[in-house]
Amino acid sequence: MSERTLQHPVFDAHLHIIDPRFPLVENDGYLPPAFTVDQYRERVGDLGVRGGAVVSGSFQGFDQSYLRDALARLGPTYVGVTQVPATITDEEIVDLAAAGVRAVRFNVRRGGSASPAELDRLARRVHEVAGWHSELYIDARALPGLARTLAALPAVSIDHLGLHRDGLPHLLNLVEQGAKVKATGFGRVELDPADVMTAIVKTNPAALMAGTDLPSTRAHRPFADEDLALIAESVGEEHLDAVLWGNAAAFYQLPDWPGMPSVMPDS
C-alpha cells in the first residue's frame, strides 16, 4: 500500500465481527468461521483504521448481543449497523442507539433481515425515533424495483459498489439523489472497482465511503491491503480524506474525537 494512503486515517465503513460466543444462524447452509474483535484489530493494525461500522450479517439474524459486545470493546469511534424485525419497539431502537447503533440493514441479497416489503415503513420509523439511516446489500440491477422508495427515504447507502457493472446506471441515479455507496467488497463484485469509484466521485464526491468488508465472508477473494491503495488512486488526493474518513464519519454521526480529522459536512 502506498505511503500516502497510510498517512490518512481510515473509517472502515463495513466490517463484520463473528464471535461464536453469540448466536449464529446458518444461511443457505453457510456458517462463517470466527473473526473476533481481537482478530480484526490485528488485521487492520497497520492500515490506519481509527474507527468503523460493525455490520450485522445474514448469519446473525436479529441477534444484538454480539454487536453490543463488539461496540463496547472497540470503543466510541465504532458504530453498529444492525438487522431488526419490523416488530421492534421504539424503546428497543432507542436502547440500541445508546449502545452505538446508527443504521438498519436490509439484506436483500442474502436475507436474514426485515424484508423489502417492510423497508419503507421500518426505515422511516428508525430514522424518526433515533436518526438511523438505512443500508442495503443488493445487486444494483434490482434497484429499479425499489428506486422510488429509496429515493424518498431520509438517508440510505448501498453496499459493495452495487455488486454488478450492469447496475451502475441505477446506482448513479440514486447517488444523484443523495444516496451513499460503500467502496467495499472488491473480491465479491462483478465490475471494475476503479471505474465505478471514479464515476461515483464524479457524480457526488460526498457519496463514497471506504471500507474493508473484513473478513470477506463468501467473497471470491478476501480484502487485500492493496484495495485501499486502489481507492486512493481512483478518487485522487483531492477527495481522499473525505472518502477514507469524512464522508462516513458524517453519515454515521460520529462526533469529533481528539486526534481525528473533523467530520466533513454532508453535501
What's the separation between atom CD1 in Ile138 and atom CG in Leu143, rounded to the nearest 0.5 Å? 4.5 Å

Using the test salt bridge (Lys or Arg N to Asp or Glu O under 4.0 Å), find all partners of Asp213 that sit at least two apart in sequence or belong to another chain. Arg188

Which pairs pass salt bridge (Lys or Arg N to Asp or Glu O under 4.0 Å) with one or both residues in residues 125-142, sequence neighbours excluded? Asp90-Arg125, Glu135-Lys182, Asp139-Arg141

In sequence, state the C-alpha distance, the side-chain angles, and the governing distance for Leu47 and Val10, and then conclude on side chain to side chain contact (heavy atoms under 4.5 Å, CB included). CA-CA 8 Å; Leu47 299 182; Val10 175; 5.8 Å; no

State whether the side chain of His16 and the backbone N or O of Val55 hold a donor-acceptor pair below 3.5 Å, judged by distance alone. yes

Would you indicate whether the side-chain heavy atoms of Leu228 and Phe223 approach each other to under 4.5 Å? yes

Do side-chain atoms of Glu190 reach the backbone of Arg165 as a donor and acceptor pair under 3.5 angstrom? no

Could you pull out the closest heavy-atom pair between Gly51 and Trp245, with the gap in Å? N-CZ3, 4.1 Å

Can you list the steps and then say if Val54 with Leu74 is a side chain to side chain contact (heavy atoms under 4.5 Å, CB included)? CA-CA 10 Å; Val54 181; Leu74 286 165; 3.6 Å; yes

What is the distance from atom CG of Leu244 to atom NE2 of His8, rounded to the nearest 0.5 Å? 7.0 Å

Write down the atom of Tyr66, the atom of Ser56, and the distance for their closest heavy-atom approach. OH-OG, 2.9 Å

Crowded around Glu26 CD? As in, over 12 foreign heavy atoms under 6.0 Å? yes

Is there side-chain contact between Asp19 and Val37, with heavy atoms separated by less than 4.5 Å? no

Checking Gln83 side chain against Gly61 main chain: does a donor-acceptor pair fall under 3.5 Å? yes

Nearest-0.5 Å distance that lies between atom CH2 in Trp132 and atom OH in Tyr252: 13.0 Å

Residues which pass side-chain hydrogen bond (donor to acceptor under 3.5 Å, both in side chains) with Asp120, listed by chain and number, not counting sequence neighbours: Arg124

Can you name the ring-ring contact (aromatic ring centres under 6.0 Å, His included) partners of His164, sequence neighbours left out? none

Minimum-distance pair of heavy atoms, taken over all atoms of Pro32 and Thr217: CB-CG2, 3.9 Å

Please list, chain by chain and in numerical order, all residues satisfying side-chain hydrogen bond (donor to acceptor under 3.5 Å, both in side chains) with Asp195, sequence neighbours excluded. none

In one Ile/Leu/Val/Met/Phe/Trp/Tyr side-chain cluster, 4.5 Å: Phe22, Val25: no

Distance check, rounded to the nearest 0.5 Å: Ile158 atom CD1 versus Ser134 atom OG? 10.0 Å

Taking only residues two or more places apart in sequence or in another chain, which ones pass salt bridge (Lys or Arg N to Asp or Glu O under 4.0 Å) with Asp166? none

Contact summary for Val84 and Leu122, nearest pair of heavy atoms: O-CD2, 3.7 Å

Side-chain (Asn27) to main-chain (Phe59) donor-acceptor, under 3.5 angstrom: no

Non-hydrogen side-chain atoms of Lys202 and Leu172 separated by less than 4.5 Å: no

Can you pull out every ring pair (Phe, Tyr, Trp, His ring centres under 6.0 Å) where at least one residue sits in residues 23-47? Sequence neighbours excluded, please. none

Spacing of Ile18 atom CD1 and Leu24 atom CG [to the nearest 0.5 Å]: 7.5 Å

Suppose we screen for side-chain hydrogen bond (donor to acceptor under 3.5 Å, both in side chains). Which residues come up paired with Arg73, at least two apart in sequence or across chains? Asp38

With sequence neighbours excluded, tell me which residues meet salt bridge (Lys or Arg N to Asp or Glu O under 4.0 Å) with Arg148. none

Set of salt bridge (Lys or Arg N to Asp or Glu O under 4.0 Å) partners for Arg102, sequence neighbours left out: none

Determine yes or no for a side-chain-to-main-chain donor-acceptor pair under 3.5 angstrom, with Glu233 supplying the side chain and Ala194 the backbone. no

The side-chain hydrogen bond (donor to acceptor under 3.5 Å, both in side chains) partners of Thr36 (sequence neighbours excluded) come to Gln39

Provide the closest heavy-atom pair for Met197 versus Ala183 in the form atom of the first, atom of the second, distance. SD-CB, 3.8 Å

Over all heavy atoms of both residues, which pair between Leu161 and Leu171 is shortest? Give the atoms and the distance, please. O-CD2, 3.5 Å

With sequence neighbours left out, write down each residue that passes ring-ring contact (aromatic ring centres under 6.0 Å, His included) with Phe186, or none if nothing qualifies. none

Under a 4.5 Å cut-off applied to non-hydrogen side-chain atoms, are Asp95 and Arg68 in contact? yes

Please report the C-alpha distance between Ser58 and Arg218 in whole Å, then the side-chain angles of each, then the deciding distance to 0.1 Å, and finally whether the side chain to side chain contact (heavy atoms under 4.5 Å, CB included) criterion is met. CA-CA 12 Å; Ser58 60; Arg218 289 190 275 202; 3.2 Å; yes

Are Leu67 and Gln64 close enough, and set up right, to give a side chain to side chain contact (heavy atoms under 4.5 Å, CB included), and what steps lead you there? CA-CA 5 Å; Leu67 185 57; Gln64 309 298 334; 4.0 Å; yes

